[in-house]
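What follows is a short report on a single structure.
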There are 2 protein chains.
Amino acid sequence: MKISEAAAASGCHLETIRYYERVGLIPSPNRTGSGYRDYTLADVERLRFVSRGRELGFSLEEIRSLLRLNDDPKLSCSDVDALARVHLTDIHQRIEALTRMAGELERVIAQCAGGERGTCTILGALRHTGHDVTSCADPGCRP
Amino acid sequence: MKISEAAAASGCHLETIRYYERVGLIPSPNRTGSGYRDYTLADVERLRFVSRGRELGFSLEEIRSLLRLNDDPKLSCSDVDALARVHLTDIHQRIEALTRMAGELERVIAQCAGGERGTCTILGALRHTGHDVTSCADPGCRP
DNA sequence: GCTTGAGTCTGTAGCGGCTACGGACTTTAC
DNA sequence: GTAAAGTCCGTAGCCGCTACAGACTCAAGC
């Protein structure tokens with residue numbers, strides 16, 4: 001199977017596949033006589049593994065670990081579980097940070113909306129200290 | 001004011017300040033006789049503006065636009081409003097994507113927890129097609 | 001057999017937003 | 001006077017790709 005077919009079958013972009021090979025995430029596939037990469041179904045499955053891992057937000061290093069855990073059935077399932085839980089915690093933290101951002105942004109936008117006057121509350125929030133147009137719970141906000 | 005003081009006063013890391021200068025986000029400050037950067041309060045305010053913009057998740061290019069809008073009071077407040085709304089939509093989309101990830105991950109983790117058996121459902125979810133251990137609403141999931 | 005176009009090859013550079021050096025200089029503290 | 005800390009500049013690295021350039025190979029049509 002050629003690289004373009006492997007790309008279509010795995011959901012990875014063609015250039016991304018070459019990149020994964022370069023960084024050692026997937027093994028180098030066989031080559032045809034003329035030097036073209038020749039992928040097996042097993043190769044494609046590995047690529048799909050990586051692709052699904054990325055969809056779940058795992059880093060390439062995490063996926064590297066997951067692949068190792070997957071390759072060696074003697075290794076413990078609880079390591080996989082631990083890795084996934086750490087990753088989940090990280091995702092939750094990112095969601096929290098973004099939610100905070102969104103909330104703050106919504107507040108300053110709401111105050112600005114419709115205001116054609118010279119003083120823009122959004123710019124004001126960026127200019128002035130301590131979010132003084134809002135109520136910031138963080139004591140570090142006030143200087 | 002020296003760069004380390006400007007860093008402390010603005011909340012930007014010292015090396016980050018030099019970076020912002022290099023990419024033209026902030027103007028080059030005055031220099032002392034010996035070539036040290038010498039920041040004014042206006043410089044620090046600009047840095048704080050950038051720092052707060054980053055806290056709200058704006059990209060440096062967005063902040064560049066906001067600075068321009070801020071510098072020229074003749075420009076319309078509604079441009080600021082529009083920029084902020086686009087950014088807010090983007091944040092909401094990122095939250096949504098992360099929430100989807102977290103949900104899926106929670107599902108496979110829940111099925112795996114406590115399982116010391118050889119077949120790990122987390123690895124299974126990564127290996128096998130179409131999230132067959134879950135219920136995926138996306139028709140593209142099934143091949 | 002020959003041409004054309006599409007696919008593939010390698011290597012390198014770029015993105016964003018920093019961060020971290022190395023080696024030279026200056027300032028500060030004792 | 002000397003040692004330590006701060007600053008300077010330039011460059012390279014991080015992640016996870018993506019996009020070239022310039023050389024090749026392959027498949028289809030004539």
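Just so it is clear: chains get the letters A, B, ... in the order the sequence lines come, proteins before strands, and each one is counted from 1.
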Protein-nucleotide distance ([X], atom [atom1]; [N], atom [atom2]), rounded to Å:
| X | N | atom1 | atom2 | answer |
| --- | --- | --- | --- | --- |
| L14(A) | dA6(C) | CG | C1' | 13 Å |
| Y36(A) | dC24(D) | OH | C1' | 7 Å |
| R37(A) | dT25(D) | CZ | C1' | 14 Å |
| M1(A) | dC26(D) | CE | P | 19 Å |
| D90(A) | dC15(D) | CG | P | 15 Å |
| Y19(B) | dC14(D) | OH | P | 17 Å |
| Y39(B) | dG6(D) | OH | P | 16 Å |
| I17(A) | dT18(D) | CD1 | P | 12 Å |

Inset, instruction - Could you tell me whether R18(A) contacts a base, only the sugar-phosphate backbone, or nothing, with contacts defined as non-hydrogen atoms closer than 4.0 Å? - result: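 Since a base atom lies under 4.0 Å of R18(A), the category is base.
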Look at [X] and [N] and indicate whether a side-chain polar atom (N or O) is within less than 4.0 Å of OP1 or OP2.
| X | N | value |
| --- | --- | --- |
| K2(B) | dT28(C) | yes |
| R31(B) | dT26(C) | no |
| Y20(B) | dG17(C) | no |
| S4(B) | dT7(D) | yes |
| S34(A) | dC26(D) | yes |

Legend entry - Between CG on residue L66(B) and CG on residue N70(B), distance to nearest 0.5 Å: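 Here the rounded value is 8.5 Å.
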Inset, instruction - Find the distance between CZ (F58(B)) and CD1 (I63(B)) and round it off to the nearest 0.5 Å. - result: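 Rounded to the nearest 0.5 Å, the CZ-CD1 separation comes out at 8.0 Å.
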Legend entry - Nucleotide nearest H13(A) when distance is taken to its side chain, options dT11(D), dC21(C), dT18(D):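 Among dT11(D), dC21(C), dT18(D), the one nearest the side chain of H13(A) is dT18(D).
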Legend entry - Along DNA chain D (nearest heavy atom to each residue), the more 5'-positioned of G35(B) and R54(A):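 Going by which nucleotide is closer to the 5' end, it is G35(B).
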Legend entry - Near-strand residues of residues 57-67 of chain A, defined as heavy-atom separation under 4.0 angstrom from DNA chain D: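 Contacting residues: S59(A), L60(A).
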Legend entry - Given L88(B), T89(B), D90(B), the one that forms side chain to side chain contact (heavy atoms under 4.5 Å, CB included) with H92(B):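 With H92(B) as partner, L88(B), T89(B), D90(B) yield a single side chain to side chain contact (heavy atoms under 4.5 Å, CB included), made by L88(B).
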Legend entry - Qualifying residue for side chain to side chain contact (heavy atoms under 4.5 Å, CB included) with E21(B), from T16(B), I3(B), I26(B):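 The residue from T16(B), I3(B), I26(B) that satisfies side chain to side chain contact (heavy atoms under 4.5 Å, CB included) with E21(B) turns out to be I26(B).
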Legend entry - Side-chain H-bond candidate by donor/acceptor type, D81(B) with S78(B), under 3.5 Å: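 Absent: no donor and acceptor within the cut-off.
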Inset, instruction - Flag the pair D72(B) and R68(B) as a salt bridge only when some basic side-chain nitrogen lies within less than 4.0 angstrom of an acidic carboxylate oxygen. - result: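 Salt bridge between D72(B) and R68(B), a charged N being under 4.0 Å from a carboxylate O: no.
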Legend entry - Pairing of R64(A) and E61(A) as salt bridge, 4.0 angstrom limit: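 Result for this pair is yes, salt bridge flagged.
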